[in-house]
*Asks:* 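Pasting a structure here, questions to come.
By convention here, the first residue in the shown sequence is residue 1. Keep in mind that the numbers below use all heavy atoms, side chains included, and drop hydrogens, waters and symmetry copies.
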Amino acid sequence: MQQGWTFPWVSALLLGVMGLHVSGSEFQHHRYEDLVRALFAVQSECPYITRIYSIGRSVEGRHLYVLEFSDNPGIHEAMEPEFKYVGNMHGNEVLGRELLIKLSQFLCEEYRAGNQRIMRLIHDTRIHILPSMNPDGYEVAAKQGPESNGYLVGRGNARQFDLNRNFPDLNALVYYYEKTNGRNHHLPLPDNWEQQVEPETLAVIKWMQNYNFILSANLHGGAVVANYPFDKSRDARIRGRTTYAATADDKLFRKLARTYSYAHSWMHKGWNCGDFFDEGITNGASWYSLSKGMQDFNYLYSNCFEITLELSCDKFPPASALPREWMGNREALVSYLEQVHHGIKGMVYDENNNPLGNAEISVAGANHDVTTGVDGDYFRLLLPGTYTVTASAPGYVPDSSTVTVGPAEAIQLHFYLKTAPKQNLKAKPHNGKKNHSSPKAPLKLGPR
């Protein structure tokens, strides 16, 4: 891990001065076997900064392969943030899959060529790329091909489940907690949740449990817009009316969405695919409400902030369109990834300098806490400003500090918690699993 992260303002130029020569990097659609070969080709070209692992298998037994980039693959380094890109959640929305394969090739080649921006990114970030969350659905869509692919053919997995309507519904719980001053993060999963989700969804949730992801994006198709949480409305649905559903980090999510939109060649212009989105961004529920979506689940279950990127009008564009789409998204993919280095980060220790895992980090005025990882490190994305930050853990006296966050790299802020006197110890409320029923998935089948 390198220190002293800085963000070049000539980023687009830095990405454009070097070529891309990784074996098999021509623009084409990749069936499952082709995808696997492409990922292992990257790993072969850049063996010291990459690792391939599987987070599980699809219904039909295909591996859900992830390609990791890091200067120490397979190892979490304290205070080095974890980032993920997920593509092809809907099997017939294929551009994200191809862009993530191309991004993997690009990161490898630029690193080998000495691109300082990419080298710094890989040295200071642990990057995880899942090109296809739904390989079974993709194969169904690919059999029809770009010319005759229907709007829904291959969207779901092999059992015809829409994976973006398949996560446990934590929105209903957090909306209740908002009214009762309840928990605002890491909400409990319902009983028997593993039996209620599809294998691909289960694999992603287990993935999130095993890695302390901080920032993520989920790549879709069928529109061109950066969509941010919440996807599910707080209000009962009324035909013909949508309502904005803001998170506690609404301004931050808008900034993250704008980062991608304005770095994209045309998303920020607003008019795309016959729709208009101001600045190329939208709140999910303001567009249309959906339940059990992945981006809301990330925010409510983990430390991860995720947005959904709709990247093409055509869900299955022809191979001839891929070079233009890559050039339109290349800078945006890198710029968005760099956002994981904003805000504050640090360690939480006890009075003997032992790191404390699962300590809570709260920011005054932001009703969404994060927790430290198993190594005692934390990351809190924040906009520039001055904040009062408090670290707390059961059995310890909370500690608070005031910090000013700038527009560049994350500010380091460490905490040292003293053991609380025994007479002042109070039992924390039980946060065990509860069975919170969720409404059935909505019938609305928009791009997300």
*Asks:* Given 3.5 Å as the limit, does a donor-acceptor pair link the side chain of Asp399 with the main chain of Leu417, or not?
*Replies:*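 Not confirmed, Asp399 side chain does not pair with Leu417 backbone.
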*Asks:* Is there a side-chain contact between Pro131 and Leu35 (heavy atoms, below 4.5 Å)?
*Replies:*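 Yes. Closest side-chain heavy atoms under 4.5 Å.
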*Asks:* Could you walk me through whether Glu68 and Thr50 pass side chain to side chain donor-acceptor pair (under 3.5 Å), step by step?
*Replies:* CA-CA 5 Å; Glu68 173 192 337; Thr50 59; over 6 Å; no
*Asks:* According to salt bridge (Lys or Arg N to Asp or Glu O under 4.0 Å), who are the partners of Glu98, at least two apart in sequence or on a separate chain?
*Replies:*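 Checked Glu98 against salt bridge (Lys or Arg N to Asp or Glu O under 4.0 Å); zero matches.
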*Asks:* Do His90 and Asp162 meet the criterion of a side-chain donor-acceptor pair at a distance under 3.5 Å?
*Replies:*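 Asp162 and His90 do have a side-chain donor-acceptor pair below 3.5 Å.
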*Asks:* Do the side chains of Lys232 and Asp169 get close enough for a salt bridge, i.e. N-O under 4.0 angstrom?
*Replies:*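 Looking at Lys232 and Asp169, the cut-off is met.
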*Asks:* Closest approach of Gly376 and Pro355, non-hydrogen atoms and distance?
*Replies:*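 Distance-wise, the nearest heavy atoms are CA-CB, 4.0 Å.
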*Asks:* For Arg380, check salt bridge (Lys or Arg N to Asp or Glu O under 4.0 Å) against everything at least two apart and list the hits.
*Replies:*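 Scan of Arg380 (salt bridge (Lys or Arg N to Asp or Glu O under 4.0 Å), adjacent residues dropped) gives Asp249.
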*Asks:* Could you check whether any side-chain heavy atom of His76 comes within less than 4.5 Å of a side-chain heavy atom of Glu82, counting everything from C-beta outward?
*Replies:*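 Side chain of His76 against side chain of Glu82, heavy atoms only: contact under 4.5 Å found.
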*Asks:* Would a distance-only check, ignoring hydrogens and angles, find a side-chain to backbone donor-acceptor pair under 3.5 Å from Ser286 to Thr282?
*Replies:*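 Checking the backbone N and O of Thr282 against the side chain of Ser286, no donor-acceptor pair under 3.5 Å is found.
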*Asks:* Could you check whether any side-chain N or O of Asn352 sits under 3.5 Å from a backbone N or O of Asn354, counting only pairs where one atom can act as donor and the other as acceptor?
*Replies:*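 Side chain of Asn352 to backbone of Asn354, a donor-acceptor pair under 3.5 Å: no, none is there.
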*Asks:* Assert yes or no for the condition that the ring centre distance of Tyr111 to His123 is strictly below 6.0 Å.
*Replies:*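 Yes - the distance between ring centres of Tyr111 and His123 falls below the 6.0 Å cut-off.
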*Asks:* Considering all heavy atoms of both residues, which atom of Ala391 and which atom of Phe415 are nearest to each other, and what is their separation?
*Replies:*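 In this case the closest contact between Ala391 and Phe415 is CB-CG, 3.5 Å.
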*Asks:* Applying side-chain hydrogen bond (donor to acceptor under 3.5 Å, both in side chains) between Asn115 and each of Arg120, Glu109, Glu110, report the one that passes.
*Replies:*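 When side-chain hydrogen bond (donor to acceptor under 3.5 Å, both in side chains) is applied between Asn115 and each of Arg120, Glu109, Glu110, only Glu110 qualifies.
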*Asks:* So, Asn367 versus Asn184: side-chain donor-acceptor pair below 3.5 Å or not?
*Replies:*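 Yes.
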*Asks:* To check you understand the geometry: which heavy-atom pair defines the closest contact between Leu100 and Gly87, and what is its length?
*Replies:*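 Scanning both residues, the minimum pair turns out to be CD1-N, 3.5 Å.
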*Asks:* Kindly write out the residues that satisfy ring pair (Phe, Tyr, Trp, His ring centres under 6.0 Å) with Phe161, not counting sequence neighbours, or none if the list is empty.
*Replies:*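 For Phe161, no residue satisfies ring pair (Phe, Tyr, Trp, His ring centres under 6.0 Å) once neighbours in sequence are set aside.
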*Asks:* Within a 6.0 Å radius of atom OH on Tyr53, are there more than 12 heavy atoms belonging to other residues, nucleotides or ligands?
*Replies:*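 More than 12 heavy atoms, drawn from other residues, nucleotides or ligands, come within 6.0 Å of this atom.
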*Asks:* Strictly under 6.0 Å, is that where the ring centroids of Tyr211 and His128 end up?
*Replies:*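 Yes, ring centres under 6.0 Å apart.
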*Asks:* Are Glu77 and Arg126 close enough for a salt bridge, meaning some N to O gap below 4.0 Å?
*Replies:*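 Answer for the salt bridge query: no.
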*Asks:* If you measure from CD on Glu306 to CG on Leu309, what distance do you get to the nearest 0.5 Å?
*Replies:*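 Output value for this atom pair is 9.0 Å.
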*Asks:* Rounded to the nearest 0.5 Å, what separation is found between the OG1 atom of Thr259 and the OH atom of Tyr262?
*Replies:*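 Thr259 OG1 to Tyr262 OH: 11.0 Å, rounded to 0.5 Å.
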*Asks:* Which atom pair, heavy atoms only, marks the closest approach of Glu338 to Leu121?
*Replies:*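 What the structure gives for the nearest pair is CG-CD1, 3.9 Å.
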*Asks:* So, Phe83 versus Tyr85, ring centres under 6.0 angstrom or not?
*Replies:*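 Yes - the distance between ring centres of Phe83 and Tyr85 falls below the 6.0 Å cut-off.
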*Asks:* Working to the nearest 0.5 Å, report the span between CG of Leu356 and OG1 of Thr371.
*Replies:*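 Going from CG on Leu356 over to OG1 on Thr371, the span is 12.5 Å.
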*Asks:* Do Thr125 and His341 come within less than 4.5 Å of each other through their side chains, counting heavy atoms only?
*Replies:*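 Yes; the side chains approach each other to less than 4.5 Å.
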*Asks:* Would you say Ser261's side chain and Glu279's backbone share a donor-acceptor pair under 3.5 angstrom?
*Replies:*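 Side chain of Ser261 to backbone of Glu279, a donor-acceptor pair under 3.5 Å: yes, one is there.
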*Asks:* So, for His268 and Trp266, is the gap between ring centers shorter than 6.0 Å?
*Replies:*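 Between His268 and Trp266, the centre distance exceeds or equals 6.0 Å.
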*Asks:* Show the nearest heavy-atom pair for residues Val224 and Phe277, with the distance to one decimal.
*Replies:*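 The answer is O-CD1, 4.3 Å.
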*Asks:* When rounded to the nearest 0.5 angstrom, what distance separates CG in Asn329 from OG in Ser335?
*Replies:*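 Those atoms lie 11.5 Å apart.
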*Asks:* What I want to find out is whether Glu80 reaches Lys345 closely enough, with some N-O distance under 4.0 Å, to be called a salt bridge.
*Replies:*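 No salt bridge links Glu80 with Lys345.
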*Asks:* In chain order, what residues pass the disulfide (SG to SG under 2.5 Å) check against Cys304, with sequence neighbours excluded?
*Replies:*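 If we apply the disulfide (SG to SG under 2.5 Å) test to Cys304, skipping adjacent residues, there are no hits.
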*Asks:* Are the side chains of Leu187 and Val174 in contact, using a 4.5 Å heavy-atom criterion?
*Replies:*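 A side-chain contact under 4.5 Å exists here.
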*Asks:* Quick check on Asn181: does its CG atom have over 12 non-hydrogen neighbours (other residues, nucleotides or ligands) under 6.0 Å away?
*Replies:*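 Counting other residues, nucleotides and ligands, CG of Asn181 stays at 12 neighbours or fewer.
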*Asks:* Heavy atoms only: give me the nearest Tyr301-Met208 pair and the separation to one decimal.
*Replies:*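 So the minimum-distance heavy-atom pair works out to CD2-CE, 4.3 Å.
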*Asks:* If you measure from CG on Leu252 to CD on Gln339, what distance do you get to the nearest 0.5 Å?
*Replies:*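 So the CG of Leu252 and the CD of Gln339 are separated by 9.0 Å.
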*Asks:* Assess whether side chain to side chain donor-acceptor pair (under 3.5 Å) is satisfied between Asp296 and Asn171, documenting all intermediate values.
*Replies:* CA-CA 7 Å; Asp296 288 7; Asn171 293 75; 2.9 Å; yes
*Asks:* Do any N or O atoms from the side chain of Tyr32 and from the backbone of His63 form a donor-acceptor pair under 3.5 angstrom?
*Replies:*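 Between the backbone of His63 and the side chain of Tyr32 there is a qualifying donor-acceptor contact (under 3.5 Å).
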*Asks:* Of all residues at least two apart in sequence or in a different chain, which pass the ring pair (Phe, Tyr, Trp, His ring centres under 6.0 Å) check with His185?
*Replies:*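 Ring pair (Phe, Tyr, Trp, His ring centres under 6.0 Å) list for His185, sorted by chain: empty.
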*Asks:* Side chains of Val225 and Glu310: does their closest heavy-atom pair fall under 4.5 Å?
*Replies:*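 Yes. Closest side-chain heavy atoms under 4.5 Å.
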*Asks:* Can Arg97 and Ser132 be counted as having a side-chain donor-acceptor contact under 3.5 angstrom?
*Replies:*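 On atom types as modelled, these side chains qualify, holding a pair under 3.5 Å.
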*Asks:* What distance do Ile122 atom CD1 and Arg117 atom CZ have between them, rounded to the nearest 0.5 Å?
*Replies:*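 The CZ atom of Arg117 is 12.0 Å from CD1 of Ile122, to the nearest 0.5 Å.
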*Asks:* For the backbone of Gly137 and the side chain of Asn134, can you confirm whether one donor and one acceptor N or O come within less than 3.5 Å of each other?
*Replies:*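 Answer holds: yes.
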*Asks:* Return yes if a side-chain donor-acceptor contact under 3.5 Å exists between Thr243 and Ser233, otherwise no.
*Replies:*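 The answer is yes; a qualifying pair exists.
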*Asks:* Would you kindly say whether Glu198 and Asn157 are connected by a side-chain donor-acceptor distance under 3.5 Å?
*Replies:*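 A donor-acceptor contact under 3.5 Å links the two side chains.
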*Asks:* Indicate whether any N or O donor in one side chain lies under 3.5 Å from an N or O acceptor in the other, for Asp231 and Gln295.
*Replies:*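 On atom types as modelled, these side chains qualify, holding a pair under 3.5 Å.
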*Asks:* Does a side-chain heavy-atom distance below 4.5 Å link Phe276 with Lys269?
*Replies:*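 The answer is no; the side chains never approach within 4.5 Å.
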*Asks:* Could you tell me if Lys84 sits above the aromatic ring of Phe213, with its cationic atom closer than 6.0 Å to the ring centre and no more than 45 degrees from the axis?
*Replies:*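 Yes, cation above the ring, under 6.0 Å and within 45°.
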*Asks:* With no hydrogens and no angle check, just 3.5 Å: does a side-chain donor-acceptor pair link Glu325 and Ser312?
*Replies:*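 Note: Glu325 and Ser312 side chains miss the donor-acceptor criterion.
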*Asks:* Apply salt bridge (Lys or Arg N to Asp or Glu O under 4.0 Å) to Glu178 and list each qualifying residue two or more places apart in sequence or on a separate chain.
*Replies:*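 For Glu178, the residues satisfying salt bridge (Lys or Arg N to Asp or Glu O under 4.0 Å) (neighbours in sequence not counted) are Arg234.
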*Asks:* Do Asn227 and His220 have a side chain donor and acceptor closer than 3.5 Å?
*Replies:*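 Checked: Asn227/His220 side chains show no N/O donor-acceptor pair below 3.5 Å.
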*Asks:* Under the side chain to side chain contact (heavy atoms under 4.5 Å, CB included) criterion, do Val348 and Tyr396 qualify, and how do the steps go?
*Replies:* CA-CA 11 Å; Val348 178; Tyr396 295 88; over 6 Å; no
*Asks:* Do Arg37 and His30 touch side chain to side chain, with heavy atoms closer than 4.5 Å?
*Replies:*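 No. Closest side-chain heavy atoms not under 4.5 Å.
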*Asks:* Are Phe253 and Tyr299 near enough that their ring centres are under 6.0 Å apart?
*Replies:*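 Ring centroids of Phe253 and Tyr299 are less than 6.0 Å from each other.
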*Asks:* What I want to find out is whether Arg183 reaches Glu360 closely enough, with some N-O distance under 4.0 Å, to be called a salt bridge.
*Replies:*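 Here Arg183 pairs with Glu360 in a salt bridge, since their nearest N and O are under 4.0 Å apart.
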*Asks:* Going by the angle between their ring planes, with limits at 30° and 60°, are Tyr349 and Tyr416 parallel, tilted or perpendicular?
*Replies:*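 Because their plane-to-plane angle is under 30°, the rings of Tyr349 and Tyr416 count as parallel.
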*Asks:* Hey, are the side chains of Pro135 and Asn88 touching, using non-hydrogen atoms and a 4.5 Å cut-off?
*Replies:*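 Of all side-chain heavy-atom pairs linking Asn88 with Pro135, none is under 4.5 Å.
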*Asks:* For residues Thr201 and Asn166, is any side-chain donor paired with an opposing acceptor at under 3.5 Å?
*Replies:*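 Yes.
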